[in-house]
Amino acid sequence: MGDWKTVTVPVLSSDSKNIFQYTSEKKISPPNMNSQVLRLPLPSSKSMHSFFSAFCTEENIEQSISYLNRELTTLGFPSIYAESKGKELNLISIINCMNELLVLQHKNLRAQEEVEMQHLKLGSDMDHLQNCYAKLKEQLELSKREIVGLQERDRQLQSKNRNLHQLLKNEKDEVQKLQNIISSRATQYNHDMKRKEREYNKLKERLHQLVMNKKDKKIAMEVLNYVGRADGKRGAWRTDKTEARNEEQMYKVLLNDYEQRQKQLLLENAELKKVLQQMKKEIISLLPPQKQKPKERSEDGPVLSDLEEDIGELNKENMWELSCETVREQLTNSIRKQWRMLKNHVEKLDNQVSRVHSGTLNDKDVISREDHELETEKLELEIQQCKEMIKTQQQLLQQQLMSPCDDDTTLLLQDCYLLEERERLQEEWRLFQEQKKNFEKERRSFTEAAIRLGLERKAFEEDRGAWLKQQFLSMSTDYKQSENVTTPSAFIGTSDQDNRVVNSMSQQKKPHCMLSGPISAESCQTSQYISHNSFNAALKKPAGDSKPNQWEESDKEETE
Amino acid sequence: MDFSELFKLSGLLGRFSPDGKCLASCVQYRLIIRDVNTLQILQLYTCLDQIQYIEWSSDSLFILCAMYKRGIVQVWSLEQPDWHCKIDEGSAGLVASCWSPDGRHILNTTEFHLRITVWSLCTKSVSYIKYPKACQQGIAFTKDGRYMAVAERRDCKDFVSLFVCSNWQLLRHFDTETQDLFGIEWAPNGCVLAVWDTCLEYKILLYSLDGRLLSTYQAYEWSLGIKSIAWSPSSQFLAIGSYDEKVRILNHVTWKKITEFEHPATVTNTKTIVYKEVEKSPSVETERFSFPPTRALASSVFSTQSKYDISQVPVSFQYIKPVADRANPKMGIGMLAFSPDNCFLATKNDNIPNAVWIWDIQKLKLFVVLEQLCAIQSFQWDPRQPRLAVCTGNSKVYLWSPAGCVSVQVPTEGDFQIVSLCWHPSGDSMALLSKDNFCVCYLEREELCRQIFP
């Protein structure tokens with residue numbers, strides 16, 4: 001705000017001070033922006049008048065106008081003079097300028113307000129940050145003090161630890177020393193003992209000698225009579241044989257004992273193996289089928305295949321008899337592996353259960369218990385419904401099959417079926433009748449055609465006879481003139497005509513292949529035939545042109 | 001439970017015959033044979049001097065009486081009362097005497113353990129075993145009586161000789177790695193011999209019948225070692241009681257320790273049952289008082305009834321720390337015994353003299369503790385069933401079985417301080433011995449069930 005220029009207006013000397021003040025005020029403003037802000041924007045109404053009177057008086061109107069004009073032009077506004085160098089004022093431009101200036105003023109005020117707001121915000125932020133800073137500083141101080149305290153404690157504890165270690169070492173050393181003392185004393189005592197014992201032995205020997213030498217007759221056994229042996233046998237001499245036998249006996253006793261023990265151990269072993277096998281089977285049954293989750297078991301994949309092989313092997317009977325190292329190891333290893341798998345499985349289940357309980361169920365494979373139950377209920381309902389449906393249907397079917405209802409209904413029922421057939425048959429009969437009519441029509445036309453043909457033939461024959469007569473007559477006269485050319489042509493012509501007629505006739509009746517000669521008789525026969533075999537013919541599908549064929553076929557069939 | 005009257009006894013020498021028909025007792029120099037059921041005197045023998053030791057032969061036909069002072073052993077026959085036999089060791093002196101398993105040889109250990117003389121009653125032959133070891137248990141016979149192990153010491157080294165009892169042939173002779181052999185004992189199956197060292201060294205060696213060393217076990221060094229051992233009747237376990245108040249059990253397969261039983265002063269395991277003997281105040285009817293008081297009255301007044309109470313765990317026992325500067329201190333496991341069915345082990349910790357600890361061998365855990373009012377004198381298992389009889393130097397006998405335990409006052413006039421007891425081979429009766437008297441207690445089959453304190 002303080003970048004207004006100091007403008008010297010030479011004329012307005014009396015007002016220049018004010019202006020200077022104004023501008024200088026503005027310059028001073030930056031340090032005390034807050035206070036200045038309050039003062040600057042709108043001078044009070046009182047000062048306004050003085051301000052206005054200060055700038056422009058009746059004497060310096062033109063100068064002030066020119067000054068204003070200069071200012072405005074420098075600011076970019078259009079000149080307030082009507083012409084560039086004239087003295088007439090352009091009112092419109094003045095008003096525009098004024099408006100522009102007002103707008104500018106408003107804008108500036110708004111900007112100022114914004115700036116003030118921001119200023120406030122920044123101020124409060126600053127305060128806040130300062131507070132934070134102060135707090136953090138305090139915390140830092142505290143932590144530093146704590147650290148120092150802990151370090152001190154740590155040092156104390158370490159020194160204590162060192163002391164204790166030292167004490168322990170001392171104690172250990174002392175113990176070691178005492179042990180050494182004890183051992184040295186023990187060896188000394190042993191040595192002394194041995195010495196004394198040797199002396200004692202010597203004395204004993206001496207005494208023994210004396211005792212033996214004395215030949216004390218008292219050392220004897222007086223017995224009334226000798227007693228028999230406990231087992232009734234006589235005493236035996238001690239010979240090598242007896243010695244050998246004794247040795248043998250001893251070894252027998254030992255071996256017996258060992259065999260017994262081994263038997264017991266074998267039994268125990270067998271039982272334990274059985275138990276292990278059972279356990280293995282149960283563990284296998286408990287484990288989930290391995291096909292479902294091959295990914296998770298990727299690490300155990302090769303192990304599994306080995307396991308399966310092992311299982312197959314170890315389940316053989318003869319394997320159990322072997323008690324060699326490898327079989328035992330295999331068994332224990334396989335059981336350990338399976339137990340580990342079972343453990344993992346159980347742990348997984350536990351995790352799943354805990355996850356379900358905590359509610360974060362994301363795994364698709366896991367179906368919560370409630371959903372599962374709902375599904376099962378739904379399925380059960382469906383099954384129920386289907387069963388009921390099946391039952392009702394079965395009932396109905398049975399009813400139909402074995403319904404011993406009264407005659408009317410049966411007749412009615414029967415009639416129902418027959419009605420349907422009858423209607424069908426009637427339909428076909430109608431069709432057949434139509435066809436028959438058509439055929440009759442054709443036959444009539446055909447017979448007419450045949451009659452016509454007969455008549456024509458008759459006429460032709462007569463003509464032919466007459467012509468022959470003529471020819472003959474002429475032949476005898478015009479023998480030498482021209483007879484070869486005309487007769488064949490005449491014949492050909494007639495034969496052609498005949499042929500053509502016949503052909504046209506035959507074309508008409510081409511499908512009717514056997515029609516020749518006594519046609520009418522045949523047609524009568526066939527008509528008779530038709531009346532007899534209406535049924536059969538009607539059954540066969542009637543095609544317009546191929547009727548006679550069918551008849552012929554039926555004819556053949558009948559003859560067959 | 002029936003009690004016989006008191007009979008005189010001296011030297012705690014009351015023994016049932018192995019066939020269970022007779023009971024032998026000594027009074028000074030007299031040997032009295034009684035019938036077990038009627039306690040009628042069957043035979044009466046007089047010896048030359050005060051009898052110090054008696055032993056029945058294995059077939060119950062003979063009985064030997066040893067008089068150590070005179071160095072004489074006298075053998076009496078039950079079938080023929082006129083038959084007599086006297087073995088005089090003369091100047092050689094006599095320290096110990098015992099029968100051989102066949103009942104026809106007597107082994108006398110002369111003074112200073114100079115030799116063991118084997119006297120035969122069948123033949124005139126005499127055998128000598130030289131250099132026997134002067135230790136507590138120097139001679140051990142196998143249960144089937146076939147072999148005999150003798151501890152010897154030559155040139156300051158310990159040896160063990162194995163003899164065949166039928167003809168006294170030396171089978172094996174081997175040295176042992178002991179400093180000073182203290183004892184030997186055969187396993188009941190007759191195939192393993194346990195040899196243990198003096199208490200200065202904890203070491204026990206196990207030898208096979210053919211003289212091979214099977215295993216050595218040493219629990220610790222320097223402290224006082226083994227005090228007592230016991231084989232289980234099936235030979236499966238070997239229990240070793242030591243001076244550190246622990247019993248270690250070795251198993252017969254690996255000869256390694258399978259468990260340790262501790263005997264602490266405080267029992268905290270809630271599954272242990274602790275029976276504490278408490279006195280019942282006697283009910284005296286004052287009208288019956290008369291002056292001077294009759295003997296019966298006096299005894300009934302002064303003898304207090306007692307019963308067992310179940311104490312709530314944790315229980316503390318009276319713990320005695322022995323004087324440190326005496327030899328053979330009263331500490332450690334002094335008594336060990338397996339029950340005949342192999343299910344229980346009864347122990348006594350000399351530091352806690354009033355308690356008998358009964359361990360369940362099937363579970364290898366402490367089962368029951370019997371806390372008595374007086375110090376335990378001795379206990380013995382019934383030879384047929386898991387029933388333990390305990391005596392503590394008063395006139396009560398205590399019986400424990402898995403069903404419960406009972407304290408029975410012996411109805412006697414005067415003082416009867418039971419110091420030792422001895423079961424009849426059938427388990428139907430037992431002899432209660434005190435310094436001067438003994439009585440026989442007859443047990444009925446279902447006795448214990450009726451009198452059980454639950």
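We name chains A, B, ... by the order of the sequence lines, and we start the count at 1 in each one. Values in this document were obtained by computation on a predicted structure and should not be read as measured data.
Interatomic distance, CG of B:Leu209 versus CG of A:Leu255, reported as 10.5 Å (0.5 Å rounding).
B:Gln179 touches chain A through its side chain: at least one heavy atom from C-beta onward sits under 4.5 Å away, while N, CA, C and O do not. For a residue to count as touching a neighbouring chain, one of its non-hydrogen atoms must lie under 4.5 Å from one of that chain's; by this rule B:Asp144 does not touch chain A. Heavy atoms closer than 4.5 Å to chain B are found nowhere in A:Tyr189, neither backbone nor side chain. For A:Gln260, no part sits under 4.5 Å from any heavy atom of chain B, backbone or side chain. No part of B:Arg154 comes within reach of chain A, as not one of its non-hydrogen atoms sits under 4.5 angstrom from that chain. Neither the backbone nor the side chain of B:His105 comes within contact range of chain A, judged by heavy atoms closer than 4.5 Å. Contact of B:Trp222 with chain A is made through the side chain alone, with heavy-atom distances under 4.5 Å. B:Ser57 does not touch chain A: none of its heavy atoms, backbone or side chain, sits under 4.5 Å away.
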- Message: Let's go through A:Thr242 and B:Ser166 carefully: what are the C-alpha distance in whole Å and the side-chain angles of both, what is the deciding distance for side-chain contact (heavy atoms from CB on, under 4.5 Å) to 0.1 Å, and is it a yes or a no?
- Response: CA-CA 10 Å; A:Thr242 55; B:Ser166 52; over 6 Å; no

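Among B:Cys156, B:Ser120, B:Ser77, the residue making the largest number of heavy-atom pairs under 4.5 Å with chain A is B:Cys156. Heavy-atom pairs under 4.5 Å with chain B were tallied for A:Asn201, A:Asn246, A:Asp257; the largest tally goes to A:Asn246. Top candidate by heavy-atom pairs under 4.5 Å with chain B, chosen from A:Glu205, A:Arg198, A:Arg261, A:Met193, is A:Arg261. Considering only heavy-atom pairs separated by less than 4.5 Å from chain A, the leading option among B:Arg146, B:Arg172, B:Glu221 is B:Arg172. Of the residues considered (B:Ile106, B:Leu171, B:Asp82, B:Asp180), B:Leu171 shows the highest number of contacts with chain A, using heavy-atom pairs under 4.5 Å. Interface remark: of the candidates A:His208, A:Met250, A:Glu197, A:Lys204, A:Met250 forms the most heavy-atom pairs closer than 4.5 Å to chain B.
Annotation: B:Asp155, atom CG; neighbour count of heavy atoms from other residues, nucleotides and ligands within 6.0 Å does not exceed 12. Counting non-hydrogen atoms of other residues, nucleotides and ligands closer than 6.0 Å to CD of B:Glu79 gives a total of 12 or fewer. Within a 6.0 Å sphere centred on CZ of B:Phe112, heavy atoms belonging to other residues, nucleotides or ligands number 12 at most. Residue-environment remark: CD (A:Gln179) exceeds the threshold of 12 foreign heavy atoms within 6.0 Å.
Taking 4.5 Å as the limit, every side-chain heavy atom of B:Lys157 sits out of range of all side-chain heavy atoms of A:Lys194. Inter-residue side-chain proximity for B:Cys191 and A:Asn256 is flagged as unmet; no heavy-atom pair is nearer than 4.5 Å. No side-chain heavy atom of B:Thr142 sits less than 4.5 Å from a side-chain heavy atom of A:Val253.
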